[in-house]
Amino acid sequence: MKLFVDSGSVKDIEALASLGIVDGVTTNPSLLAKEGGDYRAILKRICEIVQGPVSGEVVATSAAGMIREGRDLAAIDPHIVVKVPFTREGLKACRTLSSEGTRVNVTLIFSAPQAWLAAKVGATYVSPFVGRLDDVGAAGMGLIQEIVDLFDHAGYGTEVLVASVRGPLHVIEAGRMGADVVTCPPAVVEQLFKHPLTDIGLERFLKDWEKAQAVKA
Ligand code: G3P
């Protein structure tokens with residue numbers, strides 16, 4: 001399973017990419033708005049750092065507007081993936097952009113039928129939002145299982161990109177279910193590293209080593 005970082009922060013992305021664990025990045029208008037500055041320059045910089053798929057989202061709501069914005073985003077860098085919302089207009093835009101060779105990520109997916117329709121119009125990725133489903137008392141990861149099963153039989157090659165991830169359990173369940181990609185905010189990636197026994201274990205190794213050196217001296 002590929003790991004994408006869900007962020008518009010060049011600093012955070014740079015730090016994680018230097019560890020060799022980042023396969024791509026997803027952004028959305030909220031994340032880029034938080035960064036401020038020129039969003040095209042930010043996306044370009046992220047592409048240079050990651051050298052993998054980087055989703056940039058359209059804000060138009062008509063198909064014509066999304067196609068215009070999508071072409072503009074795709075011109076920033078060959079690594080750009082155009083993110084469109086799951087709407088009727090979004091599907092039209094997805095079909096056109098995909099037929100032009102631009103990769104499209106259809107976002108705001110909350111059901112298996114939506115994922116299937118997006119796959120039918122050539123989406124490279126579908127982004128089901130697990131955390132936001134959990135927030136309203138629905139089973140976010142249940143949807144992932146449903147879409148993975150569905151795409152095994154009727155997926156048209158579209159990848160399942162698990163989004164709105166809130167913690168390590170979402171990540172590991174996604175992998176076990178056979179999702180293709182999980183996109184995590186930097187804070188969740190941070191949590192993936194943590195285990196108290198690792199810290200305690202390292203501390204003990206170093207202390208024992210120091211003690212042995214002191215005895216020798
Ligand atoms: O980029 C889309 C998605 O990952 C948003 O997550 O935490 O705002 O529900 P969240």
Side-chain angles (χ1 to χ4, degrees), residues 1-13 16-17 21-36 39-40 42-43 45-47 49-50 52-61 66 69-70 73 76 79-87 90-91 93-94 97 103-112 114-115 118-119 123-144 147-148 158-175 177 179-192:
M1 180 171 66
K2 285 166 274 188
L3 171 63
F4 287 6
V5 181
D6 197 26
S7 172
S9 162
V10 168
K11 193 169 146 252
D12 288 350
I13 291 164
L16 293 171
I21 58 174
V22 178
D23 301 301
V25 167
T26 50
T27 68
N28 62 38
S30 312
L31 290 170
L32 286 178
K34 211 163 70 187
E35 297 307 312
Y39 77 92
R40 297 181 105 258
I42 294 174
L43 286 171
R45 184 72 197 111
I46 294 173
C47 289
I49 296 166
V50 172
V54 174
S55 288
E57 190 163 341
V58 300
V59 289
T61 51
M66 289 187 213
E69 284 181 18
L73 284 164
I76 294 173
H79 290 105
I80 290 286
V81 174
V82 175
K83 218 174 178 187
V84 304
F86 181 86
T87 58
L91 289 195
C94 177
L97 290 166
R103 289 172 297 172
V104 179
N105 174 356
V106 178
T107 190
L108 290 167
I109 296 284
F110 290 96
S111 77
Q114 289 179 334
T124 299
Y125 304 101
V126 287
S127 289
F129 279 29
V130 294
R132 292 195 198 180
L133 277 171
D134 290 353
D135 290 346
V136 297
M141 292 312 295
L143 174 60
I144 301 305
I147 298 174
V148 167
T158 300
E159 297 195 15
V160 181
L161 190 162
V162 180
S164 185
V165 165
R166 299 285 155 78
L169 265 183
H170 278 158
V171 177
I172 296 311
E173 277 183 47
M177 286 173 177
D180 302 283
V181 188
V182 66
T183 189
C184 299
V188 172
V189 180
E190 194 55 42
Q191 289 175 30
L192 300 178

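Note that ligands are numbered from 1 as they come in the structure, with each ligand's atoms numbered from 1 the same way.
Interface of Ala163 with ligand 1, defined as ligand atoms under 4.0 Å from a residue heavy atom, comprises 4 (O). Atoms of ligand 1 lying under 4.0 Å from any heavy atom of Lys83, numbered from 1 in the order shown and given with element: 1 (O), 2 (C).
Using a 4.5 Å heavy-atom cutoff, the side chains of Leu161 and Asp180 are not in contact. Looking at Thr107 and Phe129, their side chains come closer than 4.5 Å, going by heavy atoms from C-beta outward.
The protein heavy atom nearest to atom 6 (O) of ligand 1 is Ser164 CA, 3.3 Å. Residue, atom and distance of the protein heavy atom nearest to atom 7 (O) of ligand 1 are Arg166 NH2, 3.2 Å. Counting only heavy atoms of the protein, atom 5 (C) of ligand 1 lies nearest to Arg132 NH2, 3.7 Å. The nearest protein atom to atom 2 (C) of ligand 1, hydrogens excluded, is given as Phe129 CZ, 3.3 Å; this is a heavy-atom distance.
In this structure, the separation between OG1 on Thr27 and CD on Glu35 is 10.0 Å, given to the nearest 0.5 Å. The CG atom of Leu143 sits 9.0 Å away from the CZ atom of Phe110 when rounded to the nearest 0.5 Å. Here CG of Leu169 is found 10.0 Å from CD of Gln191. Values are rounded to the nearest 0.5 Å.
Heavy atoms of Thr26 come nearer than 4.0 angstrom to ligand 1 in no pair at all.
Ser7 and Asp12 share no donor-acceptor pair across their side chains, judged by distance under 3.5 Å alone.
Annotation: Asn28 places an N or O atom under 3.5 Å from an N or O atom of ligand 1; distance criterion only. Ligand 1 has a nitrogen or oxygen under 3.5 angstrom from a nitrogen or oxygen of Asp6.
Neither the backbone nor the side chain of Glu57 has a heavy atom within less than 4.0 Å of ligand 1.
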**Study point:** Stepwise side chain to side chain contact (heavy atoms under 4.5 Å, CB included) check, Leu97 with Met66
**Key:** CA-CA 9 Å; Leu97 290 166; Met66 289 187 213; 5.7 Å; no
